[in-house]
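Keep in mind that the numbers below use all heavy atoms, side chains included, and drop hydrogens, waters and symmetry copies.
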Amino acid sequence: MTKIAVFSAGSWGTAFSLVLADAGNDVSLWARRDEVVEAVNERRENTDYLPGIELPPSIRASTDPEEVAADADVVVLTVPSQSLRENLTAWAPILPEKATLVSLMKGVELGTLMRMSEVIQEVTDASANRIAVISGPNLAREIARREPAASVVACVDEERAKHLQAITHGPSWRPYTSVDVLGCEIGGAYKNVVGLAVGMAVGLGFGDNTTASVITRGLAETARLATAQGANPLTLMGLAGLGDLVATCSSPLSRNRTFGERLGQGMTTEEIYASTRQVAEGAKSCKSLLALADSVGVDAPIAQAVDAVVDGRMTALDMMNSFIARDTKPELH
């Protein structure tokens, strides 16, 4: 039985812990608050983030990161992307030296413009072949309800990716492998920004033609940025690209789409933050993704407009109008 540590007990961390437990692993789950630990260990339920979902005894929670990390073969990181560096700096000294480090996070760090695997490598001094990412259409509540889903396990070390595939493959979750870490991470981060834009269109009352147009142009924008940095374009056509994008943009369970809907309905970013404890990664990462695109000379109108709306410099309706008003030029559609 593989010992796996999962840092943190939000909705995705808890849902993925359930995937790991179903695959036969021993799972230690780190939670920040005592009441979450008590609910998981005593009531077998994360009442704050996944109410109504029963958790098996093979998942044990603790607020002590050293206890959670002890003897772990695999360490899974699933904190909000912009808080990774701060948290991981505190955890790095207690992580087992040979453990595989897995990122479930989807974002680009503000300031440094690093992908999450790059932050992990810098903070822990782990080699790239010890670091993997998991990305795909994985809405937490559907995963926790054990609805069939697939995802991508990416690592530059193909054998390590295959090992992670083997120990996470469960009755309702099918992992595929890839060595294109960069493509998976850009696809996972950028789909949140596109999800915000689609949510705004829905909040404004626009229909399927509008949302399909934004999704398609969002995929093209994502692919431009990823391939400009050396990603395999086929990655963006797969689960970690198109698959994740469709789920995020289509489902009311998506935090980013929901955040965008509220922006489209006229709420401010501050009002939305005050109304929920869930994190919409796209609202944080749109600025860093825009800066990343600028740094490699990639046109990113969706990221640019979403950043302006999130900052309050543009309305959602102005954003949608700006897409139509843009000058046309020859390009692949």
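The shortest side-chain heavy-atom distance between Thr100 and His163 does not fall under the 4.5 Å cut-off. Side-chain contact between Arg255 and Ser11: present, with at least one pair of heavy atoms (C-beta onward) separated by less than 4.5 Å. With a 4.5 Å cut-off on side-chain heavy atoms, Glu281 and Pro80 count as touching. In this structure the side chain of Thr269 reaches within 4.5 angstrom of the side chain of Leu263, judged on heavy atoms. Looking at heavy atoms from C-beta onward, Leu55 lies out of side-chain contact with Ser17 at the 4.5 angstrom threshold.
Annotation for Glu45 and Gly52: closest pair OE2-N, 2.5 Å, computed over non-hydrogen atoms. When all heavy atoms of Ala9 and Asn46 are compared, the closest pair comes out as O-ND2, 2.8 Å. Of all the heavy atoms in Leu29 and Gly13, the pair that sits closest is CD1-O, 4.3 Å. When all heavy atoms are compared, the tightest approach of Gly136 to Ser151 is N-OG, 3.6 Å.
Clustering ILVMFWY residues whenever any of their side-chain heavy atoms sit less than 4.5 angstrom apart, transitively, puts Trp12 in a cluster other than the one holding Leu253. Neither Leu113 nor Val133 shares a network with the other; the hydrophobic side chains, linked directly or stepwise wherever heavy atoms of I, L, V, M, F, W or Y lie under 4.5 Å apart, form separate groups for each.
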Taking only distance into account, with no hydrogens and no angle test, what donor-acceptor pairs under 3.5 Å do side-chain atoms of residues 194-210 form with protein atoms, sequence neighbours excluded?
none

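Checking Leu95, Ile4, Ile120, Val6 one by one against Val75, the side chain to side chain contact (heavy atoms under 4.5 Å, CB included) holds for a single residue, Leu95. Put simply, the residue from Val27, Val76, Ile143, Thr78 that forms a side chain to side chain contact (heavy atoms under 4.5 Å, CB included) with Phe16 is Val76.
Note that OG of Ser172 is 12.0 Å distant from CZ of Arg145, once rounded to the nearest 0.5 Å. Rounding to the nearest 0.5 Å gives a distance of 7.0 Å between CE of Met114 and CD of Glu109.
Side-chain contact check for Thr124 and Arg130: no donor-acceptor pair (N or O, by modelled atom type) lies under 3.5 Å. A donor and an acceptor atom, one from each side chain of Ser178 and Asp180, are nowhere located under 3.5 Å apart. Side-chain contact annotation: Thr177 with Gln165, donor-acceptor N/O pair under 3.5 Å absent. Side-chain polar atoms of Arg262 and Ser275 form a donor-acceptor pair below 3.5 angstrom.
Remark: Glu66 CD is loosely packed, at most 12 non-hydrogen atoms of other residues, nucleotides or ligands lying under 6.0 Å away. Counting non-hydrogen atoms of other residues, nucleotides and ligands closer than 6.0 Å to CD of Glu86 gives a total of 12 or fewer. For Glu38, the CD atom sits in a loose shell: 12 or fewer heavy atoms of surrounding residues, nucleotides or ligands are nearer than 6.0 Å.
Connectivity analysis of hydrophobic side chains (ILVMFWY, heavy atoms under 4.5 Å, direct or indirect) links Ile324 to nothing; its cluster partners are none.
Under a cutoff of 6.0 Å and an axis angle of 45°, Lys284 and Tyr273 form a cation-pi pair. Relative to the six-membered ring of Tyr176, Arg174 meets both conditions, a distance below 6.0 Å and an angle of at most 45° to the axis.
Comment: Glu221 does not engage Arg217 in a salt bridge, judged by the lack of any side-chain N to carboxylate O separation of less than 4.0 angstrom. Between Asp244 and Lys191 there is a salt bridge, since a side-chain N of the basic residue sits under 4.0 Å from a carboxylate O of the acidic one.
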Check your understanding: Could you go step by step and tell me if Ser62 and Asp64 meet the side-chain hydrogen bond (donor to acceptor under 3.5 Å, both in side chains) rule?
Key -> CA-CA 5 Å; Ser62 173; Asp64 182 354; 5.3 Å; no
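A tilted orientation is assigned to the rings of Trp91 and Phe7, their planes being inclined by 30° to 60°.
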